[in-house]
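Data first, discussion second: the structure below is written as structure tokens.
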Amino acid sequence: MRSKLVRQDPPTTLKELEVRAAALAGHTVLALADALGVEVPRESRRAKGFVGQLAEAALGAAANAGDGPDFPALQVELKTIPLLASGRPRESTFCCSIQMARSDREEWRSSRLRRRLQQVLWLPVIGGRGTAVALRRFGRATLWRPTPVEEQLLCADWEDLMGRIAAGRVPSAHHGVALQVRPKAPTRDARSLAPGDDGPRLTLPLGFYLRASFTATILRAAPTSD
DNA sequence: TCGTGATCATCT
DNA sequence: AGATGATCACGA
């Protein structure tokens, strides 16, 4: 008889959310999984996204947020971020999928990406690939809102990248300073509709990711790094 | 199928 | 080692 994942009630204030997140610091993924009544996947390959979903349940994120913030009442997005012991992000951070077909009609101000990055609660998960997922530990969470300079940087990248997509010139992961565009699909064979030289054409679905160099800067500037 | 949650596997 | 392209799990 396998137990079921226990999801907390949503926090009603930002303070409450921050207090809950702070309480996770120092604890292992295994400890939290035990508390919520779930097993940690044995193979790390099959644990992609597991810690993020565990943290969502623990903090009371909306179960079916879909294309919306994890905490709708607070307008906050939760993101776990894998860190090396040195404090460096191990990976880029997935932000959202790209609506390829309407890339030529979107604007930064009303974009999905900007909406999702308005307010982010970063929850570090410390441990390299040599550390079993279960034994990685949560760090100190930090609430982030883009500074005007950061937002300008994101906006410039977004316009460049979306512009290329709209022009039928799909950018590779080499483009972008803070942002990058990478595949976001079940397999390399997946296809979605996007603008092309001669009308709509099928291309690999893409997503926006924040470069590790950018998130490193964010976390370094955070007031919680002690 | 598309969205979320991300990390894996491999190349440079 | 760091970055890029590919992949895994799950829900509506």
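A note on names: the letters A, B, ... follow the listed sequences, proteins ahead of strands, and every chain is numbered from 1. These numbers come from a predicted model, not from an experiment.
- Here Gly49(A) lies in heavy-atom contact (under 4.0 Å) with a base.
- Ring geometry for Tyr209(A) against Phe94(A) counts as perpendicular: the plane angle is over 60°, on a 0 to 90° scale with 30° as the lower cut.
- Along DNA chain C, the nucleotide nearest Lys48(A) and the nucleotide nearest Arg90(A) are compared for position; the residue whose nucleotide lies closer to the 5' end is Arg90(A).
- Judged purely by distance below 3.5 Å, without hydrogens or angles, the side chains of Glu150(A) and Trp144(A) pair a donor atom with an acceptor atom.
- Residue contacts shown for Arg136(A) are absent, as no nucleic acid heavy atom lies under 4.0 Å away.
- When each of dA6(C), dC8(B), dG3(B) is scored by its nearest atom to the side-chain atoms of Asp67(A), the top-ranked nucleotide is dG3(B).
- Among the protein residues, Glu77(A) comes within range of the sugar-phosphate backbone only, with heavy atoms under 4.0 Å from sugar or phosphate atoms but none that close to a base.
- Near DNA chain B, meaning a heavy atom under 4.0 Å from it, residues 172-185 of chain A has Arg182(A), Lys184(A) in order of number.
- Counting heavy atoms from C-beta on, the side chains of Asp189(A) and Leu204(A) never come closer than 4.5 Å.
- Among the nucleotides dT4(C), dG5(B), dT4(B), the one closest to the side chain of Glu91(A) is dT4(C).
- Counting only N and O atoms by type, the side chains of Trp108(A) and Glu151(A) include a donor and acceptor under 3.5 Å apart.
- When only modelled atom types and interatomic distance are considered, Arg116(A) and Gln118(A) share no side-chain donor-acceptor pair under 3.5 Å.
- Looking at Tyr209(A), its side chain has no donor and acceptor atom pair within 3.5 Å of the base of dA3(C).
- Closest approach of Gly128(A) and Leu84(A) over heavy atoms only: CA-CD1, 4.1 Å.
- Taking for each of Thr187(A) and Ser213(A) the nucleotide of DNA chain C with the nearest heavy atom, the 5'-most of the two is the partner of Ser213(A).
- Within 4.0 Å (heavy atoms only), Pro41(A) reaches no atom of the nucleic acid at all.
- As judged by a 4.0 angstrom heavy-atom cut-off over every strand, Ser92(A) is placed among the base-contacting residues.
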